[in-house]
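Quick notes on the structure that follows.
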Amino acid sequence: MTQVLLVNPPIYDFAAYDLWMKPLGFLVIARLLLENGFKVEFFDFLDRHYPGYRTADRPGGCGKFPYEVVLKPDCYQTVPRVYKRFGLPREVFCSFLAGLKKPELILVCSGMTYWYPGVKEVVNTCRQFFPGVPIILGGTYATLCPSHARTTGADIIFSGKQLNRFIQLMESLTGQTFRLRPNFWLTPAWELYPRLSYLCLKTSFGCPFRCSYCASSLLEPEIYQRQPEEVAREILFLVEKHRVNQVAFYDDALLFKFDQHLRRILAKLQGQKIFFHTPNGLNINDFTPETGWILKEAGFVTIRLSLESSQPETVASAHKVSFKKFEQLITWLSQAGFTRKQIGVYILAGWPGQQPEEVKQTIIVLKNYPCQVKLAEYSPIPGTSAFNLCQKLHPDLGLTEPLLHNNSLFPAWNFKGKWDIIREIKELVNS
């Protein structure tokens, strides 16, 4: 039996929080391997319930990652924040590896482009324990920055999400023929975790909008919505099997074609005691007066909305939102029974050319409504049109150092007193 090691790396950043954060696509790959006779060993540095390192669950099953303070890279020296390594200690991973039989392949996933130091750590550690074993790196960083990803030391950089290409690669490396069970991806390999406090799923792939700052269309260029019956079956199966009733949707456009899609899914879940969360912002234009009532009745407890700004002429998205529509929606949600604590509104901060006063004004305006303000700090993502704009304003941003993509840097803002102004904005949010 071919043994494969799968690793989800730690995060190096100024801040990180387990806000329903699981490597869903990686768990689907794990299912594919298991169903084709592979022995899968799995290590997730971000598993908050790892034996001996469990951290407390907060509402919705979320919580803080364990962390340690680490030295800042040179390009972060002027940032007045503490740099950290989030996740299980390296010694825990080393103990795990020491107890393994030598694998034939090692697969490493990746998230944000500026989290690559964690990827390098994993690759280097695996090299020490298993020299000569091929290491394949995939995920968001490998897709958006494939040239830089080669500097991690991985043998193969797998860009994109094309399942057929991945299967061809695995067949060429292992000599095995893969078989695909219909809808195998309905059941990510959640059993690889000893304990779960929430589940995640996608009811759709891709996004009909083309916001200039977003990488969704680069990562998932095709738009596809799954069959409502299929999604409902998955939710019921996973909730019963894992005895977890907190479910987060990873969709980029969850309310798209609401009556034909999500509404039908929720209708098949009536009577179930499941609590739903939407960490990705919902498109305000997709709401009707009835939508809030349906979501409330179905068990939604976390609603996140994408407003971006109270001044729509400056908004960088493809779905301009009038503030009047936002006001209507807040009224509808309140009437449906959603509280201020349950409604979060994302506003964009750090957009190239954006003035800080605009952000402050939006925060002040939103303080008059029953919602919580959530700063969406802009990160320049390679391949997006906004990234090209950023490069014109800041030629040093380039493609050679993904650390400069970090949203905590506010990399598109470069003016006198920048960090004092950012501090004022964050204090205004929290006041």
Side-chain angles (χ1 to χ4, degrees), residues 4-31 40-70 82-97 100 106-126 135-143 149 152 154 188-202 238 242 244 246-250 277 279-280 379 402 406-408:
V4 181
L5 170 62
L6 276 62
V7 186
N8 186 32
I11 292 173
Y12 283 74
D13 204 343
F14 297 99
Y17 185 79
D18 181 14
L19 199 67
W20 305 289
M21 188 187 296
K22 285 288 186 287
L24 189 60
F26 210 33
L27 295 175
V28 171
I29 292 298
R31 174 66 63 208
V40 173
E41 299 290 352
F42 178 67
F43 190 91
D44 185 352
F45 275 91
L46 304 180
D47 179 8
R48 292 191 302 103
H49 298 291
Y50 194 86
Y53 290 88
R54 181 179 176 183
T55 60
D57 286 335
R58 296 193 175 184
C62 301
K64 294 182 178 180
F65 292 120
Y67 71 88
E68 61 179 311
V69 175
V70 294
V82 177
Y83 195 57
K84 302 173 182 177
R85 176 195 178 279
F86 296 89
L88 295 168
R90 182 177 179 274
E91 308 86 73
V92 175
F93 185 46
C94 290
S95 297
F96 174 82
L97 296 181
L100 292 185
I106 299 172
L107 275 60
V108 182
C109 69
S110 62
M112 300 295 190
T113 58
Y114 46 88
W115 289 349
Y116 77 82
V119 173
K120 295 186 84 168
E121 176 190 315
V122 168
V123 171
N124 291 336
T125 305
C126 289
I135 299 177
I136 304 173
L137 172 62
T140 301
Y141 161 59
T143 298
T152 61
W190 291 108
E191 68 271 19
L192 294 175
Y193 288 98
R195 184 181 181 279
L196 292 166
S197 55
Y198 60 80
L199 295 161
C200 313
L201 79 152
K202 297 188 71 166
L238 292 175
H242 299 286
V244 176
Q246 305 288 340
V247 177
F249 289 104
Y250 274 13
H277 309 271
N280 291 343
S379 171
N406 195 320
N407 60 351
S408 294

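This chain uses plain numbering: 1 for the first residue, then up along the sequence.
Minimum heavy-atom separation, Leu201 to Leu24: CA-CD2, 3.9 Å. Between Pro402 and Thr113, the shortest heavy-atom distance links the atoms CB-O, 3.5 Å. Scanning both residues, His49 and Thr55, for their nearest heavy atoms gives CE1-O, 4.3 Å. Residue Gly61 comes nearest to Arg48 through the heavy atom pair O-NH2, 2.7 Å, listed as atom of the first residue, atom of the second, then distance. Closest non-hydrogen pair, Ala154 versus Val123, comes out as N-CG1, 4.0 Å. Of all heavy-atom pairs spanning Pro279 and Ala248, the tightest one is CD-CB, 4.2 Å.
Cys109 is listed as a side-chain neighbour of Pro9, based on a closest heavy-atom distance under 4.5 Å. You'll find the side chain of Phe26 reaches within 4.5 Å of the side chain of Phe42, heavy atoms only. Residues Cys200 and Trp190 are in side-chain contact: their nearest non-hydrogen atoms beyond the backbone lie under 4.5 Å apart. Here the side chains of Leu107 and Val7 are not in contact, with every heavy-atom distance at 4.5 Å or above. In this structure, the side chains of Trp115 and Tyr141 stay at 4.5 Å or more apart for every pair of heavy atoms. At a threshold of 4.5 Å between non-hydrogen side-chain atoms, the residues Phe65 and Arg85 do not count as touching. Between Leu46 and Met21, the closest side-chain pair of non-hydrogen atoms falls below 4.5 Å.
Looking at Arg54 and Asp47, no side-chain N of the basic residue comes within less than 4.0 Å of a carboxylate O on the acidic one, giving no salt bridge. Using a 4.0 Å cut-off between a side-chain N of Lys or Arg and a carboxylate O of Asp or Glu, Glu191 and Arg31 qualify as a salt bridge.
Here the straight-line distance linking atom SG of Cys62 with atom NE2 of His277 works out to 7.0 Å at 0.5 Å rounding. In this structure, OH on Tyr116 lies 15.5 Å from CD1 on Ile11, to the nearest 0.5 angstrom. Atom-to-atom distance recorded for Thr125:OG1 and Lys120:NZ is 12.5 Å, nearest 0.5 angstrom. Interatomic distance, Lys22 NZ to Leu196 CG, rounded to the nearest 0.5 Å: 6.5 Å. Leu137 CG to Thr152 OG1: the interatomic distance, rounded to the nearest 0.5 Å, is 5.0 Å.
With hydrogens and angles ignored, the 3.5 Å screen pairs no side-chain donor or acceptor of Trp20 with any backbone N or O of Tyr250. Within the 3.5 Å criterion, the main-chain N or O of Met112 finds no donor-acceptor partner in the side chain of Thr140. No donor-acceptor distance shorter than 3.5 angstrom exists from the side chain of Ser379 to the backbone of Asn406, with no hydrogens or angles considered.
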Assess whether side-chain contact (heavy atoms from CB on, under 4.5 Å) is satisfied between Glu121 and Tyr12, documenting all intermediate values. CA-CA 10 Å; Glu121 176 190 315; Tyr12 283 74; 2.6 Å; yes

Run the numbers on Cys126 and Ile135 for side-chain contact (heavy atoms from CB on, under 4.5 Å), then give the verdict. CA-CA 9 Å; Cys126 289; Ile135 299 177; 4.1 Å; yes

Could you go through Asn280 and Phe249, starting from their C-alpha distance and side-chain angles, then the distance that decides it, and tell me whether this counts as side-chain contact (heavy atoms from CB on, under 4.5 Å)? CA-CA 8 Å; Asn280 291 343; Phe249 289 104; over 6 Å; no

For the pair Asp44 and Tyr193, evaluate side-chain hydrogen bond (donor to acceptor under 3.5 Å, both in side chains) and give the outcome as yes or no after the intermediate values. CA-CA 9 Å; Asp44 185 352; Tyr193 288 98; 2.5 Å; yes

Passes side-chain contact (heavy atoms from CB on, under 4.5 Å), Ile106 versus Val4? Steps please. CA-CA 6 Å; Ile106 299 172; Val4 181; over 6 Å; no

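The environment of Tyr67 atom OH is sparse: at most 12 non-hydrogen atoms of other residues, nucleotides or ligands sit within 6.0 angstrom.
Remark: of the listed residues Asn8, Leu6, Val122, Leu5, Val122 is the sole one forming a side chain to side chain contact (heavy atoms under 4.5 Å, CB included) with Val108. When each of Phe45, Tyr50, Tyr53 is checked for a ring pair (Phe, Tyr, Trp, His ring centres under 6.0 Å) with Phe93, only Phe45 meets the rule.
With no hydrogens or angles considered, a side-chain donor-acceptor pair links Tyr198 and Asp18 at under 3.5 Å.
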